[in-house]
Amino acid sequence: MKIAFVFICLVVPLVTAQLRVGFYNPTCPQAEKIVRDVVLKRFRTDRSITAALLRMHFHDCFVRGCDASILIDSTKNKSSEKDAGPNLTVRGYELIDEAKKALEIACPETVSCADIITIATRDSVALAGGQNYNVTTGRRDGLVSDPSLVNLPGPTASVSQALSFFTAKKMTLNDMVTLLGAHTVGVAHCSFFQDRLSNFQGTGRPDPTMDPALVSKLSTICGRPNNPTAFLDQNTSFVVDNEFYRQIRLNRGVMQIDQELASDKASAPIVANFANNAFGFQQSFANAMVKMGGIEVLVGKAGEIRKNCRVVNPPPTQKKSSQKRSRVPR
Ligand code: HEM
Ligand SMILES: *[C@@H]1O[C@H](CO)[C@@H](O)[C@H](O)[C@H]1NC(C)=O
Ligand SMILES: *[C@@H]1O[C@H](CO)[C@@H](O)[C@H](O)[C@H]1NC(C)=O
Ligand SMILES: *[C@@H]1O[C@H](CO)[C@@H](O)[C@H](O)[C@H]1NC(C)=O
Ligand SMILES: CC(=O)N[C@H]1CO[C@H](CO)[C@@H](O)[C@@H]1O
């Protein structure tokens with residue numbers, strides 16, 4: 001009896017402490033619908049939200065795992081991931097806040113911010129023409145957000161350099177090429193590809209691997225003031241589809257890393273396959289997103305469920321009378 005009791009106490013938490021589809025069904029059955037409604041409302045007026053959420057999810061998962069560390073605001077005393085160079089132009093934070101607010105009313109302190117990012121990204125992908133894949137949930141929110149931990153590949157990385165960032169997260173070349181298909185939506189600022197337009201690697205000429213028609217189009221866009229943006233997929237810029245791969249095979253990749261996917265010996269066959277297999281891409285993309293969503297997650301009793309996605313919860317040991325004041329961001 002005693003042994004059985006100990007056994008259950010030790011084993012049950014281990015068994016339950018993992019991501020699964022429908023994690024909130026017993027505790028907050030309407031959780032996924034609440035998130036979906038917020039995403040749908042936004043998508044109706046702003047289709048660029050798909051790109052924003054995809055990039056947010058990627059940056060979250062690649063820094064300390066998918067733990068919503070990217071959402072923490074920096075304060076006067078403490079800078080957070082948002083202050084790191086590569087945070088750049090991650091956007092969509094207010095959508096996560098809106099979903100969190102609705103969830104705290106429906107099911108207080110139950111749904112993690114990390115899961116909100118995951119669910120919202122899936123919904124925005126589905127709305128933009130991608131698969132409505134099942135996401136696993138049960139992530140917990142991290143307690144740390146440190147700009148010095150942000151280490152992401154840059155747009156001029158080679159395929160093998162970029163790959164080292166992915167293998168460090170147990171992701172394969174196939175996963176990387178698939179996930180870079182996210183560049184089928186969204187934009188890049190001219191500062192990330194301007195060098196390709198006129199003075200590529202100091203040659204005084206444009207990057208020979210860029211279609212001259214695209215060089216001229218992007219030169220016009222980037223000739224305008226204030227570091228403007230250009231679509232990453234020149235054809236179906238708001239649609240989650242395999243068009244990105246077709247475009248880079250036509251030398252119409254905007255960023256260097258994107259274009260290199262089409263020519264690098266290791267990635268080119270994967271690119272060719274996706275370019276010719278729309279359904280295969282959708283299937284692989286959904287699987288790779290679920291895999292990315294599992295990187296170094298906190299589960300079980302690790303971390304916490306943040307009440308406000310921008311702030312780590314105040315310490316629970318504080319007296320009730322001081323609780324209000326302790327909510328001030330640290
Ligand atoms: C080698 C890996 C990657 C590199 C070097 C890279 C680099 C970049 C850069 C430099 C931008 C432009 C940002 C800006 O100008 O604001 C960008 C945009 C974007 N990236 Fe990536 N990225 C990579 C992988 C990924 C992955 C894995 C995803 C998602 C699964 C992703 C999704 C996006 C999206 C959707 C945008 C457009 C954002 C928007 O419109 O706001 N990227 N990426
Ligand atoms: C998603 O999950 C639901 C419920 O668990 C299941 O009925 C459905 O077949 C799943 N869909 C896919 C595409 O796996
Ligand atoms: C744009 O995309 C559509 C749909 O994938 C395709 O049929 C068409 O050929 C593409 N056009 C160009 C110029 O690439
Ligand atoms: C910031 O640090 C100062 C000095 O260490 C402290 O007095 C103040 O309360 C801190 N502010 C916040 C918001 O934590
Ligand atoms: C959205 C956001 O917080 N962006 C920050 C990214 O980091 C720079 C500094 O490198 C800040 O100025 C931005 O506010």
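Values reported hereafter were calculated over all heavy atoms of this structure, with side chains retained and with hydrogens, waters and symmetry mates removed. Atoms within each ligand, like the ligands themselves, are counted from 1 in listed order. Throughout, numbering of the chain's residues begins at 1 and tracks the sequence.
- Residue, atom and distance of the protein heavy atom nearest to atom 1 (C) of ligand 3 are N235 ND2, 1.4 Å.
- Every atom of ligand 1 is numbered from 1 in the order shown, and the set under 4.0 Å from a heavy atom of A162 is 1 (C).
- The T89 neighbourhood of ligand 1 comprises atoms 13 (C), 14 (C), 16 (O), with distances under 4.0 Å to a heavy atom of that residue.
- D73 pairs in a salt bridge (Lys or Arg N to Asp or Glu O under 4.0 Å) with only one of the listed residues (K78, R310, R306), which is R310.
- Near G154, meaning under 4.0 Å from one of its heavy atoms, ligand 1 places the atoms 5 (C).
- The nearest protein heavy atom to atom 11 (N) of ligand 2 is closer than 4.0 Å.
- Using a cut-off of 4.0 Å between Lys/Arg side-chain N and Asp/Glu carboxylate O, K33 and D37 are scored as salt-bridged.
- Here the protein heavy atom with the shortest distance to atom 5 (O) of ligand 2 is V21 CG1, 4.3 Å.
- Remark: minimum distance from atom 7 (O) of ligand 3 to any protein heavy atom is reached at R246 NH2, 5.0 Å.
- With ligand atoms numbered from 1 in the order given, ligand 1 contributes 29 (C), 35 (C) to contacts under 4.0 Å with heavy atoms of L54.
- Looking at atom 4 (C) of ligand 3, its nearest protein heavy atom turns out to be E243 OE1, 4.0 Å.
- Taking only nitrogen or oxygen atoms, main chain and side chain alike, T236 does not reach within less than 3.5 Å of ligand 3.
- With D258 as reference, H183 is the one residue of H183, Q247, R252 to meet the side chain to side chain donor-acceptor pair (under 3.5 Å) rule.
- Listed by number with element, the atoms of ligand 2 under 4.0 Å from a non-hydrogen atom of N134 are 1 (C), 2 (O), 3 (C), 8 (C), 10 (C), 11 (N), 12 (C), 14 (O).
- The atoms of ligand 3 that sit less than 4.0 Å from any heavy atom of Q247 are 14 (O).
- Remark: ligand 1 atoms within the under-4.0 Å shell around heavy atoms of P153 are 1 (C), 2 (C), 5 (C).
- Not a single heavy atom of S48 lies less than 4.0 angstrom from ligand 1.
- With a heavy-atom cut-off of 4.0 Å, H57 does not touch ligand 1 at all.
- Salt-bridge formation is detected for the pair E32/R122: a Lys NZ or Arg NE/NH1/NH2 atom is positioned less than 4.0 Å from an Asp or Glu carboxylate oxygen.
- Those atoms of ligand 1 that come under 4.0 Å of a heavy atom in A182, given as number and element, are 28 (C), 29 (C), 30 (C), 31 (C), 32 (C), 35 (C).
- For ligand 1, the atoms closer than 4.0 angstrom to any heavy atom of G186 are 37 (C), 40 (O).
- By the criterion of a heavy-atom distance under 4.0 Å, neither the backbone nor the side chain of M176 is placed next to ligand 1.
- Using modelled atom types and a 3.5 Å distance limit, the side chains of N174 and T172 yield no donor-acceptor pair.
- Residue L180 approaches ligand 1 through these ligand atoms, each under 4.0 Å from one of its heavy atoms: 2 (C), 3 (C), 23 (C), 24 (C).
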